[in-house]
Amino acid sequence: MLWSIPTNFAIMEKAFTFFLLTLFLHMASSVMTRTNITTDQLALLSLKSQIISDPFHFLDKSWSLVIFVCHWVGVTCGSRHHRVMSLNLSNMALTGKIPREFGNLSFLVSLDLGSNNFQGNLPQEMTSLRRLKFLDLSFNNFRGEVPSWFGLLHQLQFLNLGNNSFTGSIPSSFSNISKLETLNMKFNSIEGQIPKEIGSLINLRVLNLKSNKLVGFIPMSLSNVSRLEILEISYNSLEGNILEVFNISRIENIAFTENSLSGSLPNGLCNGLPILKGLYLSTNKLHGHMPASLSNCSQLQVLSLSENDLTGEIPKEIRNLIELEKLSLGINSFSGSLDMEIFNISGLTEIDLSSNNLSGSLPPNMCSTLPNIDRLYMGNLTNLVGTIPHSISNCSKLSILELDNNKLTGLIPNFLGYLTHLQILNLGTNNLTSDSLLSFLTSLTNCRNLTYLDISFNPLNDKLPATTGNLSTSLRTFFAMSCKIQGRIPDEVGNLSSLLDLRLSGNNLVGSIPTSIGSIGDKLCKLQWLDVIDLTQNQFSGSLPNCLGNNTSLREIHLSSNKLSSRIQPSLGNLQDLVLLDLSLNNMVGTLPPEIGKLKAATLIDLSMNQLSNGIPSEIGGLQMLVHLSLRHNKLQGSIPDSMSRMVGLEFLDLSHNNISGIIPMSLEKLQNLKYFNVSVNKLNGEIPSGGPFKNLSRQFFINNEALCGSSRFSVPPCPTSSKHKSNRKKLLVLFLFLGIALVVVPSPFIFFLIRYRKGKRVLQQTDSLSAITRERISYYELIQATDALSESNLIGSGSFGSVYKGVLRSGTAIAVKVFNLQLDAAFKSFDTECEVLRSLRHRNLVKVITSCRD
């Protein structure tokens, strides 16, 4: 019993120690958990502090210290460590940056910030997110080079950087992300070549590099990525062939649209691609034949080979592609007869055979075998003949029908009105006709979704019916050019309230332009969204509608080759977005309004072949975007405005066949883009500029003027100039005439008194002589003759700003002529100073200023 006490005490001591240790560990664990939660919380609060816009207040309401961080919006914590494992802030319209502290979320496995407006560079501290498997930063505005440190995130399986502003090249360090299954970098500005190291990503299933600036060849190592299912590298600048990707047996979609790939399609194309569903190779440089082995791709749904240089016949085996939904072979050089087998693939929703060398006719039962067809492009075939088959009315889902630029004949069928889903109808440039009422237009009023209608270049030979105004209110484009349409444009056309582009040129339309095409009033301004109006080459007469200037959406006005006879309305200056104005070949009269200078966006103005008179307004110099200006064959007068030197975009300027006088401003030498300048058949005089664009102009552009002079290459006489100062420098000659007889002081008193005695009589004689000279207008050429062409033998002296020559007029009067060289800026000031001083002073030993002139 004496030994039992200490034994029990030892047991109790051990038990108590174990209890204290357990309590300590529990408290330590609790403190550590709180510490880790605080770390994650601080990292997320740092992110919140960088959010400058949260329009829906997702974070304002939830991310608060009074709420447990694992309950914050978008935050998911792990059940074991209660650390933040997932953060999903996608589609919240947030604007901000990712802070450096974000790297402290060390337990983060999934991060989705997609579809926001995050900006700036990605912080390098994100390399600490070593557990990260899913990263989506798409549809933001991240910038800078693609970080090479992504290669340190070895657990990453999904990486989406698409639709940002990343630059630089694809880092070769991506090869270290061996578990990567999806790599999406589409719609950035990534340059350089695809690194060969990409072939080491053996788990990769999706590679999307669409719409970047990639160059070079497709790396051969890509064939090693045996699990690849989707390969999308469209809209880059890749070259070479694509054989490397045709042996990846799991691949389902291959897309290389709009690159510079060349070579031919391999004969065994589909032998190694058993589950291929989409082959997109349009807009490249492929040539050769279309291999018959394509029929082995039995699951193919999309075959897009348009805009290449493929030749030969379309293989009949294509009928075996029973899963095919889209067939795009347009803009190639396929030849032979139109393969009827194509029209037997019932699942097709789109067929594009346009712009090929195919011949034949549309099958009579085409829509019986194509019940799902939605888009049919068969324009510009070499020899598509026959009529539009009645069965086309069975294509009830048809939204796009393009049969333009063919040799179709017969009536435009009224049953087109049964295609109620039709949005685009293009029948232009055929030999189609209509009944006497153009009733097919009436039938098309049933197509309430119609947005585009082109019936141009068909011999319709009738009037537009009033029902034209009942076409779809969604109609944006209406082309009926060169259709031999007669009569007037019905006022009901003004009901087409959504119309953007109206082109009725090359017809026999008469009368005045209906005010329903204008822009104000009950029936005016209904075409308020009109962007382009083209009524060229008709028989319209009368006035230009006053309201046209209020239709401020107009960008192009084509009214040339009509019989319009009004003034150009100043209200046209309201058309601030007008790019093109063509009123040529009419009978427009009156003055060119100064308001034309308000057409700041204009690039082409053609007012030639009219009856415009008076001068060219100086305001025209404000048209700095103008490239083409033609005012030829009018009755314009006055001078060429010096302000035209400000029209820096001008390439074409034609002022020929007018009554323009004066000089050609030397300032026009500033128009460095000018390539065509014609002022022939006018009344111009003076020197032809020889600098700037005038160095390359032909002599024919200056013929038939009054007194032009200059370089011999213009076939004009040389401009008068002194032997000492013959140069191309711009000079202004300001000529001073001085009285050549001065009073002389003689030493003899006798002579002195004699002069005093005769003073009154002599002064009177001199005054009469000077008055006669002053009243006489002395021409520049007479002064040149008086000084012997400013020869050195008559040089009296030279100063800082000019030279003085002696001379004798035809009357015998001795004169002095001062010639200023205004190449020197201070010469103007010197001229003004001398004039002011000499005008004010009177002294018997000072010569008197008579007059001045310029060449």
Side-chain angles (χ1 to χ4, degrees), residues 348-352 362 366-368 370-379 388-404 408 411-428 430 432-456 458 460 462-481 483 485 489-504 514 516-517 519 522-534 551 553:
L348 277 171
T349 61
E350 177 178 333
I351 298 176
D352 183 2
L362 296 172
M366 59 179 292
C367 285
S368 300
L370 292 173
N372 298 306
I373 194 70
D374 174 54
R375 298 174 296 279
L376 181 60
Y377 304 94
M378 297 188 66
I388 300 175
H390 189 279
S391 68
I392 205 167
S393 60
N394 295 327
C395 293
S396 58
K397 298 180 180 179
L398 202 61
S399 64
I400 299 175
L401 176 59
E402 294 197 356
L403 300 174
D404 57 300
L408 297 175
L411 296 177
I412 299 178
N414 291 337
F415 51 73
L416 290 176
Y418 294 128
L419 305 176
T420 56
H421 294 284
L422 202 60
Q423 298 177 24
I424 296 176
L425 175 60
N426 190 350
L427 303 177
N430 280 283
L432 297 167
T433 59
S434 180
D435 55 29
S436 59
L437 300 176
L438 300 187
S439 58
F440 74 91
L441 286 174
T442 303
S443 72
L444 288 175
T445 60
N446 295 321
C447 305
R448 305 315 299 169
N449 297 309
L450 195 65
T451 61
Y452 181 100
L453 174 60
D454 188 352
I455 54 175
S456 301
N458 285 288
L460 300 181
D462 212 324
K463 299 178 181 179
L464 287 175
T467 52
T468 303
N470 295 331
L471 290 169
S472 168
T473 54
S474 301
L475 191 67
R476 289 174 169 79
T477 301
F478 182 29
F479 291 172
M481 300 171 285
C483 292
I485 296 176
I489 299 178
D491 287 343
E492 287 78 5
V493 168
N495 296 332
L496 304 176
S497 56
S498 297
L499 203 60
L500 299 177
D501 198 340
L502 175 62
R503 306 195 187 211
L504 303 175
S516 59
I517 297 178
S519 53
D522 185 23
K523 286 193 175 181
L524 310 179
C525 195
K526 289 193 175 182
L527 304 184
Q528 57 181 328
W529 304 112
L530 198 62
D531 185 76
V532 177
I533 179 172
D534 187 354
N551 199 343
S553 63

*Taking atom types as modelled, is there a side-chain donor on S553 or N551 under 3.5 Å from an acceptor on the other?*
yes
*Check whether any side-chain N or O of N430 sits under 3.5 Å from a backbone N or O of G428 as a donor-acceptor pair, and report yes or no.*
yes
*Name the one of N394, I351, L376 that satisfies side chain to side chain contact (heavy atoms under 4.5 Å, CB included) with M366?*
L376
*Using the side chain to side chain contact (heavy atoms under 4.5 Å, CB included) rule, pick out the option among L460, I455, T433 that qualifies with L438.*
L460
Heavy-atom side-chain contact between [X] and [Y] under 4.5 Å:
X    : Y    : result
L444 : L471 : yes
Y418 : I392 : no
L416 : L401 : yes
S439 : N414 : yes
N372 : L348 : no
L403 : L362 : yes
I400 : Y377 : yes
I388 : L427 : yes

_Stepwise side-chain contact (heavy atoms from CB on, under 4.5 Å) check, R375 with S399_ = CA-CA 6 Å; R375 298 174 296 279; S399 64; 4.0 Å; yes
Quick check: closest heavy atoms across [X] and [Y], and the distance to 0.1 Å?
X    : Y    : answer
L496 : G469 : CD2-O, 3.8 Å
M481 : S456 : N-OG, 3.0 Å
I424 : E402 : CG2-OE2, 4.0 Å
L499 : L527 : CB-CD2, 4.1 Å
L419 : L398 : CD1-CD2, 4.1 Å
A480 : I485 : CB-CD1, 3.9 Å

Out of curiosity, [X] [atom1] to [Y] [atom2], how far, rounded to the nearest 0.5 Å?
X    : Y    : atom1 : atom2 : answer
N426 : D454 : CG    : CG    : 4.5 Å
T468 : D491 : OG1   : CG    : 12.0 Å
F479 : D501 : CZ    : CG    : 4.0 Å
D531 : T477 : CG    : OG1   : 9.5 Å
L464 : F478 : CG    : CZ    : 5.5 Å
T473 : L450 : OG1   : CG    : 10.5 Å

*Evaluate side-chain contact (heavy atoms from CB on, under 4.5 Å) for L441 paired with L453, printing each intermediate quantity in order.*
CA-CA 10 Å; L441 286 174; L453 174 60; 3.9 Å; yes
